[in-house]
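Comments concern the structure below.
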Amino acid sequence: MTLLAQRTVLSLSLSLTALLCTDAMAADCEARVYDLLRAAYPGSTGETGDEGELLRTAGSPTRWINLGEVACKVWPASPDKTLLAVRLRHQAATGMDSDTADLEVLVADSARPRILQRYREDDALQSDAVRISSVTLDTARYRLNESTTAFGVRIGYTGSSRANPYGSTVMNLYVGDGAKLRPVLSKLEVSKERGEWDTNCAGEFENVQRTVAIDAKRDRGYAGLRINSVEESTRNELDDKDCNEVPGPTRKSSVRLAYDGREYTVPDDLRGL
């Protein structure tokens, strides 16, 4: 076997091993969710709801957790820790015209059911005409300094109007602070799709995608965040019986967010719901 072939086989083997490890960690996290939630919310009791298994928290005010909605992930930057993002619903029933939930972000021990750090935001998740469609964990390596790596929670929103389609995703970043978590970035809109059309063909649409990169310069001990945006627009036109998509201009921009000692302030034009 040639040296190139050996390297190719090794590369494929390492890639397969990484995928298997990722799948194993995801399966392990899913299997541990119930025990981790019981550790986080002592005295909670199980219930069966229309959309699956629920946990009802003890005490007042009562909150309900749909186990199928809990985001759980072993943290690649620190595999001894497991991250969870939990929707604490104010009502057991889902699928109503409007509902409200608190958001609690947890850092747990990966070896045993023990909560290490947590942060809770009351009434953080509001669904009405624009509904919460997803809550996911973002474990890209947001290394803010030599000893601090942040992780993200992404919240997806979807509009209910067919004539005015709308979708948006916002991201929060969290860091450990002793026995607590604290947010250092809130409601940065990392994607947005919206439009207005006649529900047949004619209409105008906008798509915005943003990425977050770590900047080399530091402010008050943390690296800056470079937010790169790509905005694209299109319009649909009816030509005889054909609906044609006409691309519009693409605009690119970049802005740096500095850390002020407490958080990264998000400008209004980059801020989501």
Side-chain angles (χ1 to χ4, degrees), residues 36-37 40-41 57 63 65 69-78 81-90 100-109 115-127 130 132-157 168-192 210-215 217-229 255-273:
L36 292 173
L37 292 175
Y41 308 101
T57 63
R63 297 290 184 257
I65 304 167
E69 293 178 340
V70 178
C72 178
K73 193 173 186 180
V74 175
W75 194 3
S78 186
K81 297 174 182 176
T82 295
L83 310 175
L84 298 97
V86 183
R87 289 195 232 188
L88 294 158
R89 291 187 174 273
H90 290 198
T100 302
D102 309 331
L103 174 65
E104 187 148 30
V105 184
L106 307 169
V107 177
D109 191 325
I115 305 303
L116 306 174
Q117 297 164 316
R118 63 200 306 164
Y119 177 81
R120 182 164 175 169
E121 184 179 352
D122 292 339
D123 305 333
L125 305 175
Q126 304 275 349
S127 288
V130 177
I132 305 293
S133 56
S134 64
V135 177
T136 59
L137 292 159
D138 181 346
T139 55
R141 198 170 287 265
Y142 300 107
R143 190 172 175 84
L144 305 183
N145 63 25
E146 289 80 0
S147 60
T148 307
T149 299
F151 67 89
V153 172
R154 294 185 175 227
I155 303 167
Y157 296 86
S168 172
T169 301
V170 302
M171 182 176 74
N172 304 331
L173 286 180
Y174 301 88
V175 299
D177 187 4
K180 299 180 180 180
L181 283 176
R182 64 183 179 91
V184 292
L185 179 77
S186 297
K187 296 187 177 181
L188 172 69
E189 189 168 53
V190 291
S191 71
K192 178 171 64 178
R210 296 191 176 99
T211 58
V212 181
I214 303 300
D215 190 81
K217 182 184 175 184
R218 293 189 180 180
D219 305 279
R220 295 174 174 83
Y222 279 5
L225 301 179
R226 177 66 58 180
I227 314 301
N228 300 308
S229 303
V255 64
R256 182 181 185 276
L257 305 185
Y259 183 67
D260 66 7
R262 185 175 63 91
E263 65 179 356
Y264 297 92
T265 302
V266 178
D268 289 343
D269 60 337
L270 302 183
R271 193 173 183 85
L273 296 173

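We use all heavy atoms of the structure for the numbers below, so side chains are in, but hydrogens, waters and symmetry mates are not. Quick note: residue numbers are just sequence positions, from 1.
Between K187 and V266, the shortest heavy-atom distance links the atoms O-CG1, 4.4 Å. Counting all heavy atoms, side chain and backbone alike, L125 lies closest to V135 at CD1-CG2, 4.3 Å. What you find for I115 and A108 is that their closest heavy atoms are CD1-CB, 4.0 Å. Minimum heavy-atom separation, V105 to L181: O-CD1, 3.5 Å. Nearest heavy atoms, C72 versus T82: SG-CG2, 3.7 Å. The two atoms that bring L257 and P267 nearest to each other are CD2-CD, 3.7 Å, heavy atoms only.
The closest side-chain heavy-atom distance from E104 to I65 is not below 4.5 Å. Residues L173 and L225 form a side-chain contact, since some pair of their non-hydrogen atoms from C-beta on lies under 4.5 Å apart. Residues I214 and L144 have side chains in contact (heavy-atom distance under 4.5 Å, counting atoms from C-beta outward). Counting heavy atoms from C-beta on, the side chains of Y142 and F151 never come closer than 4.5 Å. Counting heavy atoms from C-beta outward, L36 and L106 have side chains that stay 4.5 Å or more apart. The shortest distance between side-chain heavy atoms of S191 and T169 falls below 4.5 Å. Side-chain contact between L137 and V153: present, with at least one pair of heavy atoms (C-beta onward) separated by less than 4.5 Å. Between V86 and Y41 the shortest side-chain heavy-atom distance falls below 4.5 Å.
To the nearest 0.5 Å, atoms CD (E121) and CG (L88) are separated by 12.0 Å. Distance CZ/R63 to CZ/R120: 6.0 Å, rounded to 0.5 Å. To the nearest 0.5 Å, the span separating CG on D122 from OG1 on T100 amounts to 11.0 Å. How far CD of Q126 is from OH of Y157: 8.5 Å, rounded to the nearest 0.5 Å. Note: L188 CG to T265 OG1 = 12.0 Å, rounded to the nearest 0.5 Å. Atoms CG and CZ, on L84 and R118 in that order, are 10.5 Å from each other to the nearest 0.5 Å.
The backbone N or O of G178 sits less than 3.5 Å from a side-chain atom of Q117, completing a donor-acceptor pair. Side-chain atoms of D102 come within 3.5 Å of backbone atoms of D123 as a donor-acceptor pair (strictly under, hydrogens ignored). Judged by distance alone, the side chain of T139 and the main-chain N or O of P76 form no donor-acceptor pair under 3.5 Å.
Residue pairs meeting the salt bridge (Lys or Arg N to Asp or Glu O under 4.0 Å) criterion with at least one member in residues 261-273, sequence neighbours excluded, do not occur. Among pairs with a residue in residues 173-186, those fulfilling salt bridge (Lys or Arg N to Asp or Glu O under 4.0 Å) read D177-R182, at least two apart in sequence or across chains. Here salt bridge (Lys or Arg N to Asp or Glu O under 4.0 Å) pairs that include residues 143-153, with residues two or more places apart or in two chains, are E146-R218.
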(message) Applying side-chain contact (heavy atoms from CB on, under 4.5 Å) to I227 and V212, what does each step give before you reach the verdict?
(response) CA-CA 5 Å; I227 314 301; V212 181; 3.9 Å; yes
(message) As a quick check of understanding, evaluate side-chain contact (heavy atoms from CB on, under 4.5 Å) for I132 and E69, giving each step before the final call.
(response) CA-CA 11 Å; I132 305 293; E69 293 178 340; over 6 Å; no
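Qualifying ring pair (Phe, Tyr, Trp, His ring centres under 6.0 Å) partners for Y259, counting only residues two or more places apart in sequence or in other chains: Y222, Y264. Partners of D138 under the salt bridge (Lys or Arg N to Asp or Glu O under 4.0 Å) rule, at least two apart in sequence or in another chain, are R154. Scored by the side-chain hydrogen bond (donor to acceptor under 3.5 Å, both in side chains) test, S229 finds R210 as partners (sequence neighbours excluded).
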